[in-house]
Protein chains: 2
Amino acid sequence: MQPRPRTIPEATVARLAVYLRVLATLADGGRSTVSSGELASAAGVNPAGLRKDLSHLGPCGVRGVGYDVDLLRDRLTRVLGVGRSRACVLVGIGNLGSALADYAGFGTRGFEFVGLFDASPARIGQRIGNLQVRGLDELEDVVAATGASIGVITTPAEVAQGICDRLAAAGVGSILNFAPVTLAAPAGVDVRKVDLSVELQVLAFLGQQRVPAEVGESA
Amino acid sequence: MQPRPRTIPEATVARLAVYLRVLATLADGGRSTVSSGELASAAGVNPAGLRKDLSHLGPCGVRGVGYDVDLLRDRLTRVLGVGRSRACVLVGIGNLGSALADYAGFGTRGFEFVGLFDASPARIGQRIGNLQVRGLDELEDVVAATGASIGVITTPAEVAQGICDRLAAAGVGSILNFAPVTLAAPAGVDVRKVDLSVELQVLAFLGQQRVPAEVGESA
DNA sequence: ATGTGTGAATGCATTCACAGCC
DNA sequence: GGCTGTGAATGCATTCACACAT
């Protein structure tokens, strides 16, 4: 019934975010239009794939010409919801947590950290960016007060599930987990995992797998 | 001709690494055998999928019983190459770089940082873990001397491509890129990208997409 | 002519269902 | 009986090829 099915494939969403970034640099460079081929090579994808990705937003280019940079940028910004600022809390202020807390890439994308939490008294009170690290006991209150919808977990593996439970109970609907464990969350709460050592391991494996072919790869 | 085609799908490799971690905790708990169902739920995947993943290594379970924890662990360790320690260099010692430099998860997985590099004189000489940050001019020498095969890039976006070029020229075959740009590398060099803000954006999008369904999700 | 938008086709990956072995 | 290993089937995602608009 509805002309545009509201479901955009996850893989596509990830690429849309990349296109948005490339478009930003193009706009800075003063470009007003781009072709799918150009945009695709800058984003490291296939041109046809890029067009298919964009087709999920409905027609947004001009045939024979290409895409208007500013127009497409606005469209992507709106679809991805980069406009509204979304409140995030971050739990576990170790090295990685500290790094994420003042990672510039987040702020410019509409993500705002409204609470940093750690269990260790040594960390509590410490300033990072323009926030002060709070004790874990304040977690629920801050989530409630700020309406934070996103939680980022950078704790040790052992306590991650407990934090996940508390975040979910507090009303956080989306969780990004950096702890090396698989988290279970109630239905309606979306958990996404980033495992840095898995990434490295895949990379290393593909590397060692490629070595044998290095000899006779002419075929 | 060859009984085991040497190509394991990338998605499978990523999960094998997860299984290996789960097996480690099981072994610590004193378990000697596991069923695919149990292992799968601990890893957050489908049991049949897990069995298919493991089938790429040839038969390694006992029908009617399950998998021997230690045996499977050895097998995975060998296939993923966790045995040999692999030398890595890390370029860009900002917050994220520093966090990765002493991230415990790497060392226990066979990855050893043998060089940390930064352009800023303020960073050079600084100790992180048991290494001292070096100037970028030493990059090629260190790669050559250590035979590092893996490079991790945590620099600002503007300089990432240049670093990528230098790493590739120096003989690094695998690059893990955290900078928010799409890197181009010569054939034979494998680049893998982790974009933290893209992860967050996907998470946020899926979250906002899920909200409408929250009303009538009973089906 | 040029480059988008999109059905059709291909290739991957996940899931199912069951045969085979313990 | 129970659980692995795996062909068959389903569902996704990518790629191709071309119609269509400018």
Side-chain angles (χ1 to χ4, degrees), chain A residues 3-19 23 26 31-69 71-73 75-76 79 182 198 202 205-206 209, chain B residues 3-19 23 26 31-69 71-73 75-76 79 182 198 202 205-206 209:
Chain A
R4 235 188 285 148
R6 201 69 80 182
T7 65
I8 300 180
E10 185 169 328
T12 292
V13 174
R15 283 186 300 258
L16 292 181
V18 175
Y19 305 154
L23 284 170
L26 282 175
R31 287 290 297 275
S32 61
T33 64
V34 234
S35 70
S36 65
E38 215 173 342
L39 194 51
S41 85
V45 303
N46 181 298
L50 179 139
R51 291 200 298 272
K52 179 149 288 236
D53 284 342
L54 293 183
S55 76
H56 288 279
L57 324 176
C60 45
V62 181
R63 303 200 178 198
V65 177
Y67 300 93
D68 182 288
V69 172
L71 214 74
L72 186 54
R73 203 144 88 101
R75 187 79 80 95
L76 286 178
V79 170
T182 305
V198 166
V202 171
F205 179 85
L206 296 179
Q209 191 179 232
Chain B
R4 235 188 283 148
R6 201 66 82 181
T7 65
I8 301 180
E10 186 170 324
T12 292
V13 174
R15 283 185 301 256
L16 291 181
V18 174
Y19 305 154
L23 284 170
L26 282 174
R31 287 291 296 276
S32 62
T33 63
V34 233
S35 69
S36 64
E38 215 173 342
L39 194 51
S41 85
V45 302
N46 181 299
L50 180 138
R51 292 200 297 274
K52 178 148 289 233
D53 283 341
L54 294 182
S55 76
H56 288 279
L57 324 175
C60 46
V62 181
R63 301 195 182 208
V65 178
Y67 300 93
D68 182 288
V69 172
L71 213 74
L72 186 54
R73 201 143 90 104
R75 187 79 81 95
L76 286 178
V79 170
T182 305
V198 166
V202 172
F205 179 85
L206 297 179
Q209 190 177 233

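Below, chain A is the first sequence line, B the second, and so on; all start at residue 1. No hydrogens, no waters, no symmetry mates; every other heavy atom, side chains included, goes into these values.
- To the nearest angstrom, P of C:dT4 lies 14 Å from CG of A:Leu57.
- Side-chain contact between A:Tyr19 and A:Leu50 is present, with at least one heavy-atom pair separated by less than 4.5 Å.
- Using a 4.5 Å heavy-atom threshold, the side chains of A:Leu26 and A:Val34 count as touching.
- Taking 4.5 Å as the limit, every side-chain heavy atom of A:Val13 sits out of range of all side-chain heavy atoms of A:Val79.
- Where B:Val34 and A:Val45 meet DNA chain D, the nucleotide closest to each residue was compared, and B:Val34 sits on the side nearer the 5' end.
- Between the CG atom of B:Asp53 and the C1' atom of C:dC12 there is a distance of 13 Å, given to the nearest Å.
- Here the CG atom belonging to B:Leu23 is positioned 5.0 Å from the CG atom belonging to B:Leu72, to the nearest 0.5 angstrom.
- Taken from SG in B:Cys60 to CG in B:Leu71, the straight-line distance is 8.0 Å, to the nearest 0.5 Å.
- When the C1' atom of D:dA13 is taken as reference, atom CG of A:Leu54 falls 16 Å away, rounded to whole Å.
- Here B:Gly61 lies in heavy-atom contact (under 4.0 Å) with sugar-phosphate atoms only.
- Using a 4.5 Å cut-off on side-chain heavy atoms (C-beta onward), A:Arg51 and A:Leu54 make no contact.
- Computed from coordinates, the A:Lys52 NZ to D:dC18 C1' distance equals 13 Å when rounded to whole Å.
- The separation between A:Ile8 atom CD1 and D:dT14 atom P is 14 Å, rounded to whole Å.
- Listed nucleotides C:dC16, C:dG3, C:dA8 differ in distance to A:Ser35; the shortest reach to its side chain belongs to C:dG3.
- Put simply, the side chain of B:Arg75 gets close to the backbone of B:Leu57: a donor and an acceptor are under 3.5 Å apart.
- Rounded to a whole Å, the CG atom of A:Leu50 is 12 Å from the P atom of D:dT14.
- Not one side-chain nitrogen or oxygen of B:Tyr67 sits closer than 4.0 Å to the OP1 or OP2 atom of D:dG2.
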Inset, instruction - Heavy atoms under 4.0 Å is the rule here; annotate nucleotides 17-22 of chain C 5' to 3' with B where the base is hit, S where only the sugar-phosphate is, and - elsewhere. - result: B-BBBS
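- Backbone-only engagement by B:Gly66 is indicated by non-hydrogen atom pairs under 4.0 Å involving sugar-phosphate atoms exclusively.
- Under the 4.5 Å side-chain criterion, counting only non-hydrogen atoms from C-beta, B:Asp53 is not in contact with B:Ile8.
- Looking at A:Glu38 and A:Pro47, their side chains never come closer than 4.5 Å, going by heavy atoms from C-beta outward.
- Residue A:Asn46 has no polar side-chain atom (N or O) positioned under 4.0 Å from OP1 or OP2 of D:dA13.
- Distances from the side chain of A:Ser36 to the nucleotides D:dT14, C:dT15, C:dT4 place C:dT4 closest.
- Within residues 9-16 of chain A, the residues having any heavy atom under 4.0 Å from DNA chain D are, by residue number, A:Pro9, A:Ala11, A:Arg15.
- Look at NE2 on B:His56: it is 11 Å from C1' on C:dC12, rounded to the nearest Å.
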